[in-house]
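Can you keep this structure in mind? I'll have questions shortly.
Both backbone and side-chain heavy atoms feed into the values below; hydrogens, waters and symmetry mates do not.
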Protein chains: 2
Amino acid sequence: MDGSGSPTLEQVAAVAGVSRATVSRVVNGSPKVLPETVAAVEQAIRQLGYVPNRAARALVTRRTDSVAIVVPEPDSRVFSDPFFAGMLSGVSRTLAPTSSQLVLLIEPAEGDDQRFMRYLRGGHVDGAIIISHHGRDNVLQELAQLPLPIVFSARPLGVDVPVASVDVDNVAGARTGVEHLLAIGRRKVATIAGPLDMTAGLDRLTGYKDVMKEAGLPALIEYGDFTADGGEQATLRLLDAHPDLDGLFVASDLMATAALRVLSERGRRVPSDVAVVGFDDSVLATMTTPKLTTVRQPVEQLGARLAEILLAKIGGANLTSPEIYNTELIIRDSA
Amino acid sequence: MDGSGSPTLEQVAAVAGVSRATVSRVVNGSPKVLPETVAAVEQAIRQLGYVPNRAARALVTRRTDSVAIVVPEPDSRVFSDPFFAGMLSGVSRTLAPTSSQLVLLIEPAEGDDQRFMRYLRGGHVDGAIIISHHGRDNVLQELAQLPLPIVFSARPLGVDVPVASVDVDNVAGARTGVEHLLAIGRRKVATIAGPLDMTAGLDRLTGYKDVMKEAGLPALIEYGDFTADGGEQATLRLLDAHPDLDGLFVASDLMATAALRVLSERGRRVPSDVAVVGFDDSVLATMTTPKLTTVRQPVEQLGARLAEILLAKIGGANLTSPEIYNTELIIRDSA
DNA sequence: TTGTACGCGTTATCAT
DNA sequence: ATGATAACGCGTACAA
């Protein structure tokens, strides 16, 4: 701490022998300042180690130069999901050239919505990216109606107003996965779906059902919650109910890794006995034995696009429609 | 947006028929306000949907009610590491009861230090938690000397001033892992170490070396960079150099998963041919086949403690020494 | 090109 | 117990 707190514009002005206003202009890169004045001011700034006070600036400009990334769930799962990590990476890289900072809002405990709602409403950020998994209560709806630029990381379930969102085509992605299983000759193809209150759960199941129906094959469905444990349980139930299954489409890589393990423990060879296709192409996909054939979604790109859209909206653009990206089937060893 | 921006203290005061100052008192829970006045003000607040402006508040109180969690590396690996996720979880849970928000500062590209240094210096946060992996340049040193409450997530390499930090006893942790390998009869025990410019790399290697030396056995060392790829390469080199190894201590679970895969591909049975011990006990440990025996570190607890220490320092406490936590060997199937 | 002066929404001091 | 009023540090018309 330097004696009397951090230096202010005023002090810089005094040292540089100019007015506060001029220093402000230099700091903000106004073109209408004499080069020599600029030099003098910059010298003073360096000498004092001046750095602008954002609070004061925000107060007058009504811009905070920070955006929130909101996880409206107490879900620590979100963090262990490589999906989130990838998106965060994309978001932060896109935000980097900007002066914007990233504020992470996590719902600490179930039902503590109002905490971040207040924060968002308080004008502490210029906009927000919502990482929503569940279409829970009416939180998403409330978020969507906030007087603030907002982008959703997935089509928010249960929201009836037009909102900007970025997502992959989960239905089509699931289709490619299941179609691949059929293409390699599998007929008893089951799925481990995600929860139906998540876009990812709902749409991927739809894709599976569609393909099976078109092929005239029965749908064999169990549900997991996108955790390894959930995947394990679902696989066990599936093996009990359909011991003769020869193909398995799993709605996430994390659940798929558990499925592979259970299959192995139960003496099923992958892919010869049971072919397995996952969804995500996360880092996990290459860590399993055998390596996972999976439906890739371009997570970093999604994150980057989320940030771009948000910045555009903050800049005044009126974007309120979903953007859908394509998936790609990555064939490895499990199917 | 309601006509004219968000309501201010002034407007609430007008509606409630009191002065600005009184409203402020109510908002901040001052005891010296008549209950009936409180009621009137709270009514007005609800009616207007008032929420205090943090920028204005921060300007006068000089407190921002937000803390930064800094990743002073462009390292996207940090995110895919479950270790980071766990700590983040612990930090955010501890911060929750507080009014403090979490600001995430990531170095977007190599060498862009000054960006977050300026931010931290600008008084935008009340304190910062540094998640540092590498003892790179003098960034850590600069961070340590910031006139701001700071806590490091690991003993920062190359910092010569006393700083607060939270870490596990990596040396002892590695010892228990290696000693276990010896205890189950392994003699050709190799290690995949992490980079030596990270505490985790350095100390865990030390633990390995110590045990091997005490046992009068040769140290067989290869280095990885804490990624799956690095682990894979190191394992291959190790198998080439020492085809007869029967024990392997890997400095991280992520690298260990890769090692397991390579060993399997090379026809080594785990644990019968080669016993493997990892480090972390991350979610990965139970996802492998066989499940990984590993040295657990209490990540969430570390994160929580980081936050506690930071809050204490912000509150005026003068903590500038490391805190070391114990690890625990979790025995599963790989050793 | 530069300086003056005002306002941003709060908290805190001092009267009342 | 409450109300004026002065900061807090900055941006920006407006004036010079």
Grab the N/O contacts between the protein and nucleotides 2-6 of chain C below 3.5 Å, and write none if there aren't any.
| residue | atom | partner | partner atom | Å |
| --- | --- | --- | --- | --- |
| C/dT2 | OP1 | A/Thr37 | OG1 | 2.4 |
| C/dT2 | OP2 | A/Leu34 | N | 2.8 |
| C/dG3 | OP2 | A/Ser19 | N | 2.9 |
| C/dG3 | OP2 | A/Ser19 | OG | 3.1 |
| C/dG3 | OP2 | A/Thr22 | OG1 | 2.7 |
| C/dG3 | N7 | A/Arg25 | NH1 | 3.3 |
| C/dG3 | N7 | A/Arg25 | NH2 | 3.3 |
| C/dG3 | O6 | A/Arg25 | NH2 | 2.5 |
| C/dC6 | N4 | A/Arg20 | NH2 | 3.2 |

Set of residues satisfying side-chain contact (heavy atoms from CB on, under 4.5 Å) with respect to A/Arg63, sequence neighbours excluded: A/Thr61, A/Asp65, A/Asp126, A/Ile314
Quiz: residues 157-166 of chain B side-chain donor-acceptor pairs under 3.5 angstrom, not counting sequence neighbours:
| residue | atom | partner | partner atom | Å |
| --- | --- | --- | --- | --- |
| B/Asp160 | OD1 | B/Gln141 | NE2 | 2.8 |

May I have all residue pairs that pass salt bridge (charged side-chain N to carboxylate O under 4.0 Å, His left out) and include part of residues 302-321 of chain A, sequence neighbours excluded? A/Arg305-A/Glu308, A/Arg305-A/Glu323
Would you grab the first and last nucleotide of DNA chain D (5' to 3') that comes under 4.0 Å of any non-hydrogen atom in chain B? D/dA1 to D/dG9
Less than 4.5 Å apart, any side-chain heavy atom of B/Ile130 and any of B/Pro72? yes
Evaluate the side-chain proximity of B/Val41 to B/Val27: yes if any heavy-atom separation is below 4.5 Å, no if none is. no
Could you walk me through whether A/Val26 and A/Thr37 pass the side-chain contact (heavy atoms from CB on, under 4.5 Å) test, one step at a time? CA-CA 9 Å; A/Val26 172; A/Thr37 315; 5.5 Å; no
Mind checking what makes side chain to side chain donor-acceptor pair (under 3.5 Å) contact with B/Ser66, not counting sequence neighbours? B/Thr64
Just how large is the angle between the end axes of the helix from C/dT1-D/dA16 to C/dT16-D/dA1, five pairs per end, to 10 degrees? 40°
To the nearest 0.5 Å, what is the distance between CG (A/Leu102) and CD1 (A/Ile129)? 7.0 Å
Donor-acceptor list for residues 45-53 of chain B side chains, cut-off 3.5 Å, not counting sequence neighbours:
| residue | atom | partner | partner atom | Å |
| --- | --- | --- | --- | --- |
| B/Asn53 | OD1 | B/Ala55 | N | 2.7 |
| B/Asn53 | OD1 | B/Ala56 | N | 3.0 |

Hits for side-chain contact (heavy atoms from CB on, under 4.5 Å) against B/Ala68, two or more places apart or cross-chain, chain-then-number order -> B/Val70, B/Leu105, B/Leu120, B/Val125, B/Ala128
B/Ala317: which residues meet the side-chain contact (heavy atoms from CB on, under 4.5 Å) condition with it, sequence neighbours left out? B/Ala312, B/Leu319
Please work out which residues in residues 51-65 of chain B have a non-hydrogen atom less than 4.0 Å from an atom of DNA chain D and list them by number. B/Leu59, B/Val60, B/Arg62
Pairs under 3.5 angstrom only: tabulate donor-acceptor contacts from the side chains of residues 17-25 of chain A to other protein residues two or more places apart or in another chain.
| residue | atom | partner | partner atom | Å |
| --- | --- | --- | --- | --- |
| A/Ser19 | OG | A/Ala21 | N | 3.3 |
| A/Ser19 | OG | A/Thr22 | N | 3.4 |
| A/Ser19 | OG | A/Thr22 | OG1 | 3.4 |
| A/Arg20 | NH1 | A/Glu10 | OE1 | 2.9 |
| A/Ser24 | OG | A/Asn28 | ND2 | 3.4 |

